[in-house]
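Convention: sequence-line order gives letters A, B, ...; per-chain numbering from 1.
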There are 2 protein chains.
Amino acid sequence: MRRPTLDTVARQVGVSRATVSNAYNRPDQLSARLRERIIETAKQLGYAGPDPVARSLATQRAGSVAFMLCDGLSSAFSDPALSIVLDALAATVDSGDRALLLLPGVSEGGPRAQSVIRAQTDVVVAYSLPDDAPALRAVRERALPLVVVDQPIVPGSAIVRVDDFGGARLAARHVLDLGHRRVAVLGFGLSADGHRGPATPERVEKAHFRVTLDRYAGYLDGLAEQGIVAGEVPFWEAPGSVRELGREGARWLFGLRPRPTAVLCMSDELALGAVRAADELGLAVPGEVSIVGFDDTPAASWGVPSLTTVRQDLVEKGRQAGALALRMLDGARPGRPVTIGVKLQVRGSTAPAPA
Amino acid sequence: MRRPTLDTVARQVGVSRATVSNAYNRPDQLSARLRERIIETAKQLGYAGPDPVARSLATQRAGSVAFMLCDGLSSAFSDPALSIVLDALAATVDSGDRALLLLPGVSEGGPRAQSVIRAQTDVVVAYSLPDDAPALRAVRERALPLVVVDQPIVPGSAIVRVDDFGGARLAARHVLDLGHRRVAVLGFGLSADGHRGPATPERVEKAHFRVTLDRYAGYLDGLAEQGIVAGEVPFWEAPGSVRELGREGARWLFGLRPRPTAVLCMSDELALGAVRAADELGLAVPGEVSIVGFDDTPAASWGVPSLTTVRQDLVEKGRQAGALALRMLDGARPGRPVTIGVKLQVRGSTAPAPA
DNA sequence: CAGCGTAACTGAAGCGCTTCAGTTCTCGCT
DNA sequence: AGCGAGAACTGAAGCGCTTCAGTTACGCTG
């Protein structure tokens, strides 16, 4: 005995299949009494409504938004920024009656191409993927509409980004204003190769991550206002926005001579790791070293000291990404990139440079 | 000019549709040369392989595992335990060639029934939902296989749970052994009503969350060994496993007279909030108050002081849930509940009771 | 009362794919 | 030469639903 279908119900009630379909999808197309009878019969037969897959085939819409991310879920969600963006995105697409299909990355390079090819989805949102992610090729092959968050730049896709350059420059100017002149950068990886260590000019040259590059450039641009040049600014690459990695990088930075008095971090998580490293080395924050984060996640204001950081509106970012995805579905053109603004949030982790 | 289909390719190559299908799905059914020609032609036509939705309809498998959670994503992922479980789950189902469909909750009660009814999925995993979640009814109506993580108890579903009772008892015994006699509980909500405040016996009576109840019972059971009874154990309900809520609850608990010397927390996040509250009130941890967490998330070992906590193997939990989901798909019976073991992880947040 | 608009319902053509029972052809073996 | 086995490929029947162009019947208008 098979599961009931539209047909089973139709026959039982003695109407056509179309009518049963209408009972579920266009109540105005039949009399209320008949509709009620149909629903009632369906319930008795254990029919739970039109099969979603068959409906998708007939309507030519999968009804889901795929979300691709670079790493696996656990490392991804240790980045609180992602949770916030994803939540806002989910709320937006859900209210548009679509589900969220999650495609986590494998081994740093994003999801497998195969996962994308088999995904039942109408549109995909790529969250901060490397330029050469195989998943992106697959998206193009399937000719699916694409919304890119942060990076990379993909022709024909809609884009939501943050003013990384401007934000980083704000951070740099801030420490400059406080009198700091020996400034270091604690940042994300330049490429998806898991490199962990000081960045070399060559690596900067052939970087794959726009965000890393833009923030780095923003820092340098700001610092240039006091004549500080790239060569004087140590830059540690951490292959992920994780506290532990920030701690490790900061340790190295604090070991340099002359020791930097300010560390510009590309995320709050890295910054919190840096604070920890300073603690462990007996360096007072912000007395001896100032630390600036990026993102303004909840943890930034929670900690002791609270974090001076570059605030980006993460909820807005997720919402915009969702809205763009929905709009792309209606066949809208990608349009201009949406840029989320930033501002400096001064708190307790920065202070005038020590004498 | 429409998108190409199997048929387009078949006609172009001059073979039957079945053969093209075989080229993608059963390479052994045709000669390598023909297969190559087909793939080549497909590429030229811009055909990216069989349409996933149509394939699903034909094969009668949606190819995805739905994951339902109680809250929205952002609050959900502020619970690091979830990230870990979800990641392990994702890895397991992905290797089984299935995608993860995320169904976040709305307003504390889990996902909407409608979301479940329209979900293209073969099996659903429910993560710590309240007993009366409408989504669960929808799952039953659709007769989808169900794997429940933690709670509630649903007849006919597979279950992955943790030895909550035993773990809680371990925590209670630990503080007892250290000489504590005034012990408080800082826990999750008993029902999905967002209640925030001291728990009353009536609320305990008609609780909806098994986990909260079991842990509470475990604490009491342990404490009973020194003759401590429920009435002597203040219990604050926090409507979520969030640091800020833990802090608030702990404040209240620390305001009681006589002040508890030990606080048993149902999660590490709550415990970290309690540590913070103690700090702010000038209470030394563990000198004046001991605090025990639950879960052993990364944050537990990271903080100062590090957290004494009940460790559950979260990765294993996610993996088991994934494996069960996959097995249910093959028509396996639910079987006995899988219980993940716990053990006490003693660290720096507990010490002998003050004299 | 003819004419017409509308509400209520139906028939049938897809949506794009898989799969199974054939059919044909080739080749090795006796 | 004859036979059988296997390889290579095909035809057609679904999978369960939506949708659109009709068809019927009915009440209303002039």
Side-chain angles (χ1 to χ4, degrees), chain A residues 1-39 41-42 45-63 97 117-122 142-144, chain B residues 1-39 41-42 45-63 97 117-122 142-144:
Chain A
M1 130 135 202
R2 311 169 38 119
R3 343 198 51 207
T5 72
L6 255 200
D7 219 38
T8 325
V9 178
R11 211 158 322 164
Q12 178 78 10
V13 180
V15 296
S16 79
R17 209 161 50 194
T19 303
V20 179
S21 174
N22 283 335
Y24 284 96
N25 302 316
R26 313 175 166 196
D28 56 312
Q29 294 293 298
L30 33 52
S31 63
R33 284 201 42 236
L34 178 55
R35 170 153 196 264
E36 208 165 304
R37 228 174 84 217
I38 291 176
I39 302 288
T41 312
L45 292 172
Y47 178 75
D51 179 88
V53 174
R55 168 202 293 248
S56 276
L57 179 59
T59 56
Q60 296 289 81
R61 86 205 259 295
D97 193 35
I117 290 179
R118 315 198 80 134
Q120 294 177 32
T121 187
D122 310 297
R142 282 191 58 181
L144 287 171
Chain B
M1 128 132 205
R2 312 168 39 117
R3 345 200 46 207
T5 71
L6 255 201
D7 218 37
T8 325
V9 179
R11 210 157 324 164
Q12 179 79 10
V13 181
V15 295
S16 79
R17 210 160 50 193
T19 303
V20 179
S21 175
N22 283 334
Y24 285 95
N25 302 316
R26 313 177 166 193
D28 56 313
Q29 294 293 300
L30 34 50
S31 64
R33 284 203 40 240
L34 178 54
R35 169 153 198 267
E36 209 164 305
R37 228 175 84 217
I38 290 175
I39 302 288
T41 312
L45 291 172
Y47 179 76
D51 179 87
V53 174
R55 168 200 292 247
S56 277
L57 181 59
T59 55
Q60 297 287 80
R61 88 204 257 295
D97 192 35
I117 289 179
R118 315 196 79 134
Q120 294 177 32
T121 187
D122 309 297
R142 282 191 60 183
L144 287 170

Check whether any side-chain nitrogen or oxygen of [X] sits under 4.0 Å from OP1 or OP2 of [N], and answer yes or no.
{"X": "A:R17", "N": "C:dC9", "value": "no"}
{"X": "A:N25", "N": "D:dT18", "value": "yes"}
{"X": "A:Q60", "N": "C:dG16", "value": "yes"}
{"X": "B:S31", "N": "D:dA7", "value": "no"}
{"X": "A:R26", "N": "D:dT19", "value": "yes"}
{"X": "A:T5", "N": "D:dG16", "value": "no"}

Looking at the side chain of [X], which of [options] is the nearest nucleotide?
{"X": "B:A54", "options": "C:dG16, C:dT18, D:dT19", "result": "C:dG16"}
{"X": "B:R55", "options": "C:dT18, C:dT19, C:dC15", "result": "C:dT18"}
{"X": "B:S21", "options": "C:dT10, C:dT18, D:dT18", "result": "C:dT18"}

Under the criterion side-chain contact (heavy atoms from CB on, under 4.5 Å), I'd like the reasoning laid out for B:N25 against B:R55: C-alpha separation, chi angles, the key distance, then a yes or no. CA-CA 11 Å; B:N25 302 316; B:R55 168 200 292 247; 3.3 Å; yes
Distance, rounded to the nearest Å, where A:D7 contributes CG and C:dA12 contributes C1': 13 Å
Separation of A:Y47 atom OH from D:dC17 atom C1', in whole Å? 8 Å
Report yes if the side chains of A:Y47 and A:T41 come closer than 4.5 Å at any heavy-atom pair, otherwise no. no
Closest-nucleotide ordering on DNA chain D, the 5'-leading residue of B:A32 and B:T59: B:A32
Using the closest heavy atom to pick a nucleotide of DNA chain D for each, name whichever of A:Y24 or B:G14 lands nearer the 5' end. B:G14
Could you give me the CA-CA distance, side-chain angles and deciding distance for A:L30 and A:I38, then say whether side-chain contact (heavy atoms from CB on, under 4.5 Å) is met? CA-CA 11 Å; A:L30 33 52; A:I38 291 176; 4.1 Å; yes
